[in-house]
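Comments concern the structure below.
Below, chain A is the first sequence line, B the second, and so on; all start at residue 1.
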2 protein chains.
Amino acid sequence: MRVRLEDVARATGVSPKTVSRVLNEEPSVSAATRQRVLAAMKSMNYRPSPAARGLAGNRSLLIAMLYDNSNNPASTYLAEIQNGVLDACETNRYSMMACPLRMLGKDFIRRLDALVVDHHIDGVVLTPPLTDGRKLLARLREHKVAHASICPLHSKGVLGVCMDETRAAAELVAHLVGLGHRRIGHITGIASHGASRWRRIGYESALATAGLVVDPQYIVPGEFTFGSGVAAARQLFALPQRPSAIFAANDDMAAGVMWAANAAGLAVPRDLSVCGFDDTPMATQLWPPLTTVHQPSREMGRIATLQLLGQLRGLDQGQLVQVPYTLQLRGSTAAAPG
Amino acid sequence: MRVRLEDVARATGVSPKTVSRVLNEEPSVSAATRQRVLAAMKSMNYRPSPAARGLAGNRSLLIAMLYDNSNNPASTYLAEIQNGVLDACETNRYSMMACPLRMLGKDFIRRLDALVVDHHIDGVVLTPPLTDGRKLLARLREHKVAHASICPLHSKGVLGVCMDETRAAAELVAHLVGLGHRRIGHITGIASHGASRWRRIGYESALATAGLVVDPQYIVPGEFTFGSGVAAARQLFALPQRPSAIFAANDDMAAGVMWAANAAGLAVPRDLSVCGFDDTPMATQLWPPLTTVHQPSREMGRIATLQLLGQLRGLDQGQLVQVPYTLQLRGSTAAAPG
DNA sequence: GAATGTCTTGACAGCGCTGACTTGTCTGAT
DNA sequence: ATCAGACAAGTCAGCGCTGTCAAGACATTC
């Protein structure tokens with residue numbers, strides 16, 4: 001029926017333990033033996049049983065991707081990251097379990113235990129805002145589970161990937177300044193996300209660089225959702241001197257701004273320039289297409305996973321890897337009116 | 001360290017096998033014993049090891065969600081379904097593995113074997129267009145793996161969920177007819193998706209019901225993507241008598257139509273009414289908001305999974321369950337000009 | 001040449017659970 | 001009183017692999 005490790009051992013004329021050593025890439029096997037075992041494995045189409053390995057050993061070859069699902073609906077951002085994680089898993093013979101967590105409540109403890117204790121999870125990939133959940137991180141350390149973070153807020157001593165969001169945001173705002181805009185509004189994201197902070201800092205630093213004052217009135221809080229973008233835009237439109245450009249901390253909110261602009265009879269980009277962040281598929285599907293920053297989400301998921309797997313193999317290569325961004329200048333931004 | 005089944009047995013004063021029986025809800029245990037065992041499990045916080053159960057038994061309490069990832073990027077549709085699958089898993093103490101497959105090539109055989117043979121997967125949830133992959137289905141039957149389908153093209157004897165897409169599409173087109181439109185264009189989806197066929201049939205039947213001729217010129221193939229929507233719209237705009245309304249087979253293409261309309265100087269809905277299908281988050285984020293059909297994707301994922309789990313428990317309740325749709329009449333459709 | 005260390009390999013138990021089989025008990029029919 | 005049958009619970013091996021320990025084959029040292 002099933003080809004077992006023992007069968008490979010018998011076929012090669014070695015002990016099962018030796019085959020096991022080859023399987024786990026342990027060093028103390030002679031090259032000749034290793035070759036013969038590998039050849040037998042291949043020709044017999046041997047596939048080790050994850051269940052047995054998990055039971056007997058301490059590894060499960062399973063990792064989990066944790067994400068916060070308190071914000072419905074599903075975002076393409078997370079879906080892209082998941083694809084990246086799966087990419088990395090596939091090339092490394094790991095498997096992935098997706099695990100939505102509700103940040104609030106102690107739900108996550110139960111879920112985490114189910115994952116770590118029950119499934120012997122080897123490591124987890126954390127996505128924002130889970131990257132900075134204090135209790136979550138504490139619990140992970142307690143269980144001694146390796147983890148890699150994607151865009152964590154606190155990056156000190158953390159394994160994972162990030163992007164220089166501050167610089168990207170600053171470049172974007174500098175672009176607006178270059179187009180002649182002087183009153184530039186900003187809609188921030190959820191405070192617990194690192195992204196919100198960095199993008200705001202980038203915005204402020206670009207203004208400072210250009211010698212413009214940072215007026216708190218022009219900074220309105222949002223929640224990364226379309227609806228919050230609409231509301232924030234209305235607030236900005238109501239100012240005595242409404243901004244001629246708005247930088248929303250993500251594309252969804254930027255879409256909300258464009259929506260509100262349309263509703264208010266403002267033409268984009270003639271009366272108002274709008275830009276976002278993330279370059280979600282939607283950015284090119286709006287009219288006019290949205291100026292934004294491209295974030296390589298899938299690649300980030302892949303790299304974070306590779307970092308995690310590297311750590312599991314004992315290569316302590318781990319700091320935060322920085323991935324490059326690219327500005328996408330499109331039709332939603334234009335020269336300031338007047 | 002870890003609480004094992006044996007520990008529970010000792011604490012209760014019964015044999016391990018009896019605890020196992022309680023765990024697996026086997027009938028031949030007296031009510032009194034069952035209660036005592038359950039109480040002990042709870043107080044000791046016993047958590048069975050999936051690895052051990054998988055090794056010893058024939059079940060893994062693991063299901064897989066299969067999806068086609070040859071069309072990048074990630075769609076919210078699939079992400080929503082995944083959330084629904086996870087909802088159902090959680091309440092039934094199952095776990096899920098996400099498994100992207102490339103439909104073409106024989107990649108899927110390897111992936112499927114990895115899942116079924118290695119992980120002892122109990123069942124799979126199929127999403128379009130995998131629901132109708134002949135080789136895939138054959139392989140699943142070969143491995144005797146239970147499966148539930150979401151919106152399969154061929155529904156005969158299949159377990160899963162669907163929606164009356166034909167009727168929904170017909171209602172939507174009837175709505176356009178009611179607004180006075182006589183030249184209504186249609187952009188179809190990928191032929192291998194059942195959705196494409198049903199929505200087109202709905203379109204045609206609605207025209208027939210209204211006594212309008214179905215002119216092949218007004219039916220243009222698309223690929224469910226924004227770009228294909230743009231291209232198809234251009235083709236329709238170039239007709240000697242351009243349509244006054246366009247029904248795109250999904251929201252992404254409808255967004256493409258709106259984009260193309262903007263580019264061509266046509267105002268939506270004044271010069272052109274547009275409607276889509278699926279009610280993705282984007283539908284309310286466009287300007288004007290898109291008239292479409294709401295498809296309860298998450299709920300469909302949940303129900304399909306429940307069907308699958310039901311089948312695994314031997315309840316052969318299985319036909320296709322139909323979920324209700326709702327028309328979302330929004331600003332992108334209006335009375336025909338003239 | 002004996003003692004020591006290094007490298008490669010094997011023997012064996014056991015991870016935590018369940019399947020197949022057996023045992024014991026109680027019921028009702030003969 | 002005797003036996004078949006139903007039910008509750010137990011015994012035990014073993015799922016496929018790895019950890020621990022031990023042993024054999026060599027090379028190295030003084």
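At C:dG10, one or more side-chain N or O atoms of A:T18 fall inside 4.0 Å of OP1 or OP2 (strictly under the cut-off). Residue B:R53 places at least one side-chain N or O under 4.0 Å from the OP1 or OP2 atom of C:dT18.
Closest heavy-atom contact between A:L61 and A:R53: CD1-NH1, 3.2 Å. When all heavy atoms of A:G123 and A:L308 are compared, the closest pair comes out as C-CD2, 3.8 Å. Taking every heavy atom of both residues into account, B:I150 and B:G301 meet most closely at CD1-CA, 3.9 Å.
For DNA chain D, the neighbouring residues in residues 41-50 of chain A, judged by any heavy atom under 4.0 Å, are A:Y46, A:P48, A:S49. In the region residues 28-40 of chain B, proximity to DNA chain C at under 4.0 angstrom, judged on heavy atoms, holds for none of the residues.
For A:R36, the side chain to side chain donor-acceptor pair (under 3.5 Å) test picks out no residue, with sequence neighbours left out. Take B:Y77 and apply the ring pair (Phe, Tyr, Trp, His ring centres under 6.0 Å) test, not counting sequence neighbours, and it matches no residue. Judged as a side chain to side chain donor-acceptor pair (under 3.5 Å), and not counting sequence neighbours, B:H154 has no contacts. Residues passing the side chain to side chain donor-acceptor pair (under 3.5 Å) test with A:H119 are B:S95, sequence neighbours excluded. By the salt bridge (Lys or Arg N to Asp or Glu O under 4.0 Å) test, B:D118 pairs with A:R47, sequence neighbours left out. Under the side chain to side chain donor-acceptor pair (under 3.5 Å) criterion, A:S155 pairs with no residue at all, not counting sequence neighbours.
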Which pairs of donor and acceptor atoms, one on a side chain in residues 25-32 of chain B, lie under 3.5 Å apart (sequence neighbours left out)?
from, atom 1, to, atom 2, distance (Å)
B:S30, OG, B:T33, N, 3.3
B:S30, OG, B:T33, OG1, 2.7

Give every pair of a protein N or O atom and an N or O atom of nucleotides 19-26 of chain C that lie under 3.5 Å apart, one pair per line with the distance.
from, atom 1, to, atom 2, distance (Å)
C:dG19, N7, B:K17, NZ, 2.8

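Expressed to the nearest 0.5 Å, how far CE of A:M96 lies from CG of A:N83 amounts to 9.0 Å. Taken to the nearest 0.5 Å, the CG atom of B:L86 stands 8.5 Å off from the CE atom of B:M65. Interatomic distance, B:L62 CG to A:L62 CG, rounded to the nearest 0.5 Å: 7.5 Å.
When DNA chain D is scanned 5' to 3' for any atom under 4.0 Å from a heavy atom of chain B, the first and last hits are D:dA8 to D:dG16.
When the local axes at the two ends of the helix from C:dG1-D:dC30 to C:dT30-D:dA1 are compared, using 5 base pairs at each end, they differ in direction by 40° after rounding to 10°.
Residue A:P152 forms a side chain to side chain contact (heavy atoms under 4.5 Å, CB included) with just one option from A:T127, A:L126, A:L320, and that option is A:L320.
Salt-bridge annotation for B:R2 and B:D7: absent, with no side-chain N of the basic residue lying under 4.0 Å from a carboxylate O of the acidic one.
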